[in-house]
Amino acid sequence: MKKPWIRLVIASSIDGRIAYAEGGKTQLGKEGDRLVLEESLAWADGVLIGGQTLRDHQSTCLIHDERLIQQRISEGREKQPIALVVSNQKSHPNIWPFFQQPVQRWLLQNTDLVNENLSPKGFHKKINLRDSWFKSLKILNNEGLSKIALLGGAKLISSFILEDLIDELQITITPQILGGRYCWISFEFKELKKSLNQDKKWDLKENRRIGNSEILIRYFRNRVNSKI
């Protein structure tokens, strides 16, 4: 069983930050970034976010472009991709907008043997994670998710980088210099696979201006001879 295709979708400052130095809820991209984000949501079967990202925003990203919604309907899919939340938190405030948004909500967390098959309140499904993301992604693939947009945060992104599981990078570069420690790869992770930086391991697929001095870049992971 193959794993889903993983597309990392982020907006980053020129100096590689995805949040202001003080942290918390951050929206870096402008209108063009919102459009390419929604295009990725329309492409995806599921959108993966970490628990801290949900706590910061208390909601997930939705498709608002009616053209993209109709495109999904014509393909026999739901209007919105499934919201996949990675969190070991046992309960979440049901007053958050997230729990009123028109999406399927799945909770991904480490196995709880006491409540292994119970979906926590507010979620439609619970997925028990395995001891690696590679194994866990195979479960999601078996659930019908073949394309996943990974939105963050940095700790979750880094865990995928450590296992070399990201197939595509979609990064909007915004004309800001923020400083601070909130890079899109956690500063705590220092032992990355050397294969990530070998020549010809990332292929540039697209680069274009999207307005407001922002640039979209897209790289595909070159997995020639890879077992993944």
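Numbers here simply count residues along the sequence, with the first being 1. Note that the coordinates shown come from a computational prediction; the quantities given were computed from them, not determined experimentally.
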Rounded to the nearest 0.5 Å, how far does OG of Ser213 lie from CD of Gln176?
11.0 Å

Where do Leu137 and Ile6 land on the side chain to side chain contact (heavy atoms under 4.5 Å, CB included) test, with the steps shown first?
CA-CA 10 Å; Leu137 288 175; Ile6 304 297; 4.0 Å; yes

Lys135: side chain to side chain donor-acceptor pair (under 3.5 Å) partners, not counting sequence neighbours
Asp131

Rounded distance [0.5 Å steps], CD1 in Ile18 versus SG in Cys183:
8.5 Å

Identify which one of Arg218, Lys205, Lys3 satisfies the salt bridge (Lys or Arg N to Asp or Glu O under 4.0 Å) criterion when paired with Asp167.
Lys3

Is Lys147 atom NZ crowded by more than 12 heavy atoms from other residues, nucleotides or ligands, each under 6.0 Å away?
yes

Ile166-Leu162 co-clustered via ILVMFWY side chain contacts under 4.5 Å
yes

Tell me whether the rings of Phe123 and Phe99 are parallel (<30°), tilted (30 to 60°) or perpendicular (>60°).
perpendicular

Taking only residues two or more places apart in sequence or in another chain, which ones pass salt bridge (charged side-chain N to carboxylate O under 4.0 Å, His left out) with Asp203?
none

Contacts of Asn207 meeting side chain to side chain contact (heavy atoms under 4.5 Å, CB included) (sequence neighbours excluded), chain-then-number -> Leu204, Ile217

Sorted by chain and number, sequence neighbours left out, side chain to side chain contact (heavy atoms under 4.5 Å, CB included) with Ala11 holds for Leu28, Asp33, Thr172, Thr174

Within 6.0 angstrom of Glu78 CD, more than 12 heavy atoms from elsewhere
no

Residue pair Leu129 / Val86, side-chain heavy-atom distance below 4.5 Å
yes

What residues form a ring-ring contact (aromatic ring centres under 6.0 Å, His included) with His57, not counting sequence neighbours?
none

Can you find a heavy atom in the side chain of Glu206 that is under 4.5 Å from one in the side chain of Val36?
no

Can you find a pair of side-chain heavy atoms, one from Ile210 and one from Leu35, that are under 4.5 Å apart?
no

Taking the side chain from Gln101 and the backbone from Thr60, do they hold a donor-acceptor pair closer than 3.5 Å?
yes

Residues that Gln70 engages under side chain to side chain contact (heavy atoms under 4.5 Å, CB included), provided they are two or more places apart
Glu66, Ile73

I want to check a possible cation-pi pair here: Arg17 against Trp184, using under 6.0 Å from ring centre and within 45° of the ring axis as the test.
no

ring-ring contact (aromatic ring centres under 6.0 Å, His included) contacts touching residues 137-174 (sequence neighbours left out):
Trp133-Phe160

Note: Leu178 and Ser13 closest approach over all heavy atoms is CG-CB, 3.8 Å

Do Leu48 and Ile161 sit in the same hydrophobic cluster, where Ile, Leu, Val, Met, Phe, Trp and Tyr count as joined when their side-chain heavy atoms come under 4.5 Å apart?
yes

Sequence-distant partners of Arg7, side chain to side chain donor-acceptor pair (under 3.5 Å), two or more places apart:
Ser40, Glu168

Pairwise salt bridge (charged side-chain N to carboxylate O under 4.0 Å, His left out) hits with a residue in residues 43-57, at least two apart:
Asp45-Arg77

Residues which pass side chain to side chain donor-acceptor pair (under 3.5 Å) with Asn94, listed by chain and number, not counting sequence neighbours:
none

With Ile10 as partner, the option from Leu150, Leu151, Ile157 fulfilling side-chain contact (heavy atoms from CB on, under 4.5 Å) is Ile157

Between Ile171 and Ile173, is there a side-chain heavy-atom distance shorter than 4.5 Å?
yes

For Glu31, what residues pass the side chain to side chain donor-acceptor pair (under 3.5 Å) criterion, not counting sequence neighbours?
Asn212

Listed partners of Ile95 passing side chain to side chain contact (heavy atoms under 4.5 Å, CB included), at least two apart
Pro93

Is there a side-chain contact between Lys79 and Arg72 (heavy atoms, below 4.5 Å)?
no

